[in-house]
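These numbers were taken from a predicted model, which means no experiment stands behind them.
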Amino acid sequence: MAPSTTVPSASAIEVPETLLKKRKQNEKAREERLAAATAARKAQKAKRKVIFKRAESYVKEYQAKEKEEIRLKRAARTSNDFYVPAQTKVYFVVRIRGINEIAPKPRKILQLLRLLQINNGVFVKATRPTQQMLRLVEPYIAYGEPNLKSVRELIYKRGYGKVDKQRIPLTNNAIIEANLGKYDILSVEDLVHEIVTAGPNFKQASNFLWPFKLSNPTGGWRVRKFKHFVEGGDFGDREENINKLIRQMN
């Protein structure tokens, strides 16, 4: 008969202390990950509420502004007076000509405006220095006052952000928050509002947006690009008519 062997029970096997420590560390790390994930979900939920409330307040603000403009126009007609709209806050500028035979100063201004290619478009604040710059490069650009619909369509449809010098599509609000959160711009609607109202952080918001790459307008340019818009051409200040051009190029 073969000699009998005694198999030690599981409880009798001693687990090395280093393995026990590693198990405790892994368990602790797992608990911390679960707690962090739970906290992140709660924070995200609270953030969504903030973004939604802001979007609602923006809608009310835009509607109130529109109603006030209608009221002022009616009051002006009733009193046989003229309604003078509020001063332009923001321009949308589109480059419509190349750099052939361009003087150094206009070339530099186009670079400052980040209009490096034909059909590039940018938002700029309507200040006196900006208006002077636009006049100097007028033969090479078309510009005017964009309305809310144009700003929203451009950002949602053609919007790209500048992240680490890379052109990144604005696929979610996290990209905007990561780059503009310190300016309290957390979502696409915050970005739209900052541009439309020429808010206090307009410069940072505008610089974050990569210059819009637009298409040639539907049906092509009207005549030649060498005549001013008021003369039946294409370049220069179009005022509110820039919105029609944006639709054709978007």
Side-chain angles (χ1 to χ4, degrees), residues 44-70 85-95 113-115 119-127 130 134 141-163 166-215 217 237-250:
Q44 192 62 30
K45 190 176 180 180
K47 201 172 292 174
R48 280 199 298 268
K49 285 184 179 178
V50 170
I51 289 171
F52 183 75
K53 284 183 179 178
R54 283 189 182 184
E56 279 189 327
S57 69
Y58 295 152
V59 170
K60 289 178 182 176
E61 180 184 333
Y62 301 144
Q63 288 176 343
K65 184 182 176 184
E66 189 177 347
K67 286 178 181 177
E68 180 64 10
E69 283 191 357
I70 292 170
Q87 196 170 3
T88 302
K89 291 182 178 180
V90 178
Y91 288 125
F92 185 70
V93 188
V94 185
R95 181 166 178 173
L113 292 171
R114 302 183 299 148
L115 297 173
N119 294 344
N120 274 180
V122 293
F123 294 112
V124 297
K125 189 177 278 192
T127 62
T130 300
L134 293 179
I141 60 171
Y143 66 99
E145 183 180 4
N147 57 27
L148 172 62
K149 184 180 179 183
S150 294
V151 174
R152 184 176 275 138
E153 284 182 355
L154 282 166
I155 293 176
Y156 272 98
K157 187 175 177 180
R158 300 269 187 172
Y160 284 78
K162 185 166 60 178
V163 181
Q166 298 294 315
R167 184 172 177 261
I168 305 297
L170 303 180
T171 51
N172 57 64
N173 290 328
I175 296 169
I176 295 171
E177 184 182 359
N179 292 274
L180 296 174
K182 57 187 173 183
Y183 305 112
D184 201 30
I185 299 174
L186 309 177
S187 66
V188 178
E189 282 302 320
D190 285 346
L191 186 56
V192 170
H193 184 261
E194 193 70 22
I195 295 295
V196 167
T197 61
N201 299 304
F202 175 90
K203 183 179 178 181
Q204 290 81 0
S206 178
N207 286 340
F208 167 71
L209 286 168
W210 198 279
F212 296 92
K213 294 187 175 183
L214 304 177
S215 308
D237 188 1
R238 294 176 174 234
E239 299 179 348
E240 292 182 356
N241 288 305
I242 192 67
N243 295 292
K244 184 179 178 182
L245 181 62
I246 291 171
R247 305 277 184 282
Q248 293 172 335
M249 300 182 74
N250 201 349

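- In terms of heavy atoms, Ala205 sits closest to Leu191 at CB-CD1, 3.6 Å.
- Shown here is Glu56, whose CD atom has more than 12 heavy atoms of other residues, nucleotides or ligands within 6.0 Å.
- Contact check for Leu245 versus Pro217: side-chain heavy atoms found under the 4.5 Å cut-off.
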Under the side-chain contact (heavy atoms from CB on, under 4.5 Å) criterion, do Ile246 and Leu154 qualify, and how do the steps go? CA-CA 8 Å; Ile246 291 171; Leu154 282 166; 3.9 Å; yes
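- At least one donor-acceptor pair under 3.5 Å links the side chain of Asn173 to the backbone N or O of Val188.
- Annotation for Gln204 and Pro200: closest pair OE1-O, 4.4 Å, computed over non-hydrogen atoms.
- Interatomic distance, Tyr143 OH to Thr88 OG1, rounded to the nearest 0.5 Å: 10.0 Å.
- Within the model, atoms CG of Asn243 and CZ of Phe92 stand 10.0 Å from one another, a figure rounded to the nearest 0.5 Å.
- A 6.0 Å sphere centred on CD of Glu240 holds no more than 12 heavy atoms belonging to other residues, nucleotides or ligands.
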Please walk me through it: do Trp210 and Ile168 pass side-chain contact (heavy atoms from CB on, under 4.5 Å)? CA-CA 9 Å; Trp210 198 279; Ile168 305 297; over 6 Å; no
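- Here Glu145 pairs with nothing under the salt bridge (charged side-chain N to carboxylate O under 4.0 Å, His left out) rule; sequence neighbours left out.
- In this structure, the side chain of Asn120 does not engage the main chain of Pro211 through any donor-acceptor pair within 3.5 Å.
- Side-chain contact annotation: Glu189 with Tyr156, donor-acceptor N/O pair under 3.5 Å present.
- Looking at every heavy atom in both residues, Val90 comes nearest to Pro146 through O-CD, 3.3 Å.
- Between Tyr62 and His193, the ring planes lie tilted relative to each other; the angle falls in the 30° to 60° range.
- Taking CG of Leu148 as the start and CD of Gln63 as the end, the distance is 10.5 Å to the nearest 0.5 Å.
- Evaluation of the side-chain contact (heavy atoms from CB on, under 4.5 Å) rule for Ser215 yields Arg158 as partners, not counting sequence neighbours.
- Smallest separation of non-hydrogen atoms from Arg95 and Leu115: NH1-O, 2.6 Å.
- Interatomic distance, CD1 of Ile195 versus CG of Leu209, reported as 5.5 Å (0.5 Å rounding).
- Tested against Phe123 for a ring-ring contact (aromatic ring centres under 6.0 Å, His included), the candidates Phe208, Phe212, Phe202 yield a single pass: Phe212.
- Minimum interatomic distance between Asn179 and Lys162 (heavy atoms only, all atoms of both residues): OD1-O, 4.4 Å.
- One finds the CD1 atom of Ile155 at 8.0 Å from the CG atom of Leu170 (value rounded to the nearest 0.5 Å).
- Annotation: the span from Glu66 atom CD to Glu69 atom CD amounts to 8.0 Å, rounded to 0.5 Å.
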Quick one: do Lys149 and Arg247 satisfy side-chain contact (heavy atoms from CB on, under 4.5 Å)? Show the steps, please. CA-CA 10 Å; Lys149 184 180 179 183; Arg247 305 277 184 282; 3.4 Å; yes
Under the criterion side-chain contact (heavy atoms from CB on, under 4.5 Å), I'd like the reasoning laid out for Leu186 against Arg54: C-alpha separation, chi angles, the key distance, then a yes or no. CA-CA 10 Å; Leu186 309 177; Arg54 283 189 182 184; 3.9 Å; yes
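- For NZ of Lys125, the number of neighbouring non-hydrogen atoms (other residues, nucleotides, ligands) closer than 6.0 Å is greater than 12.
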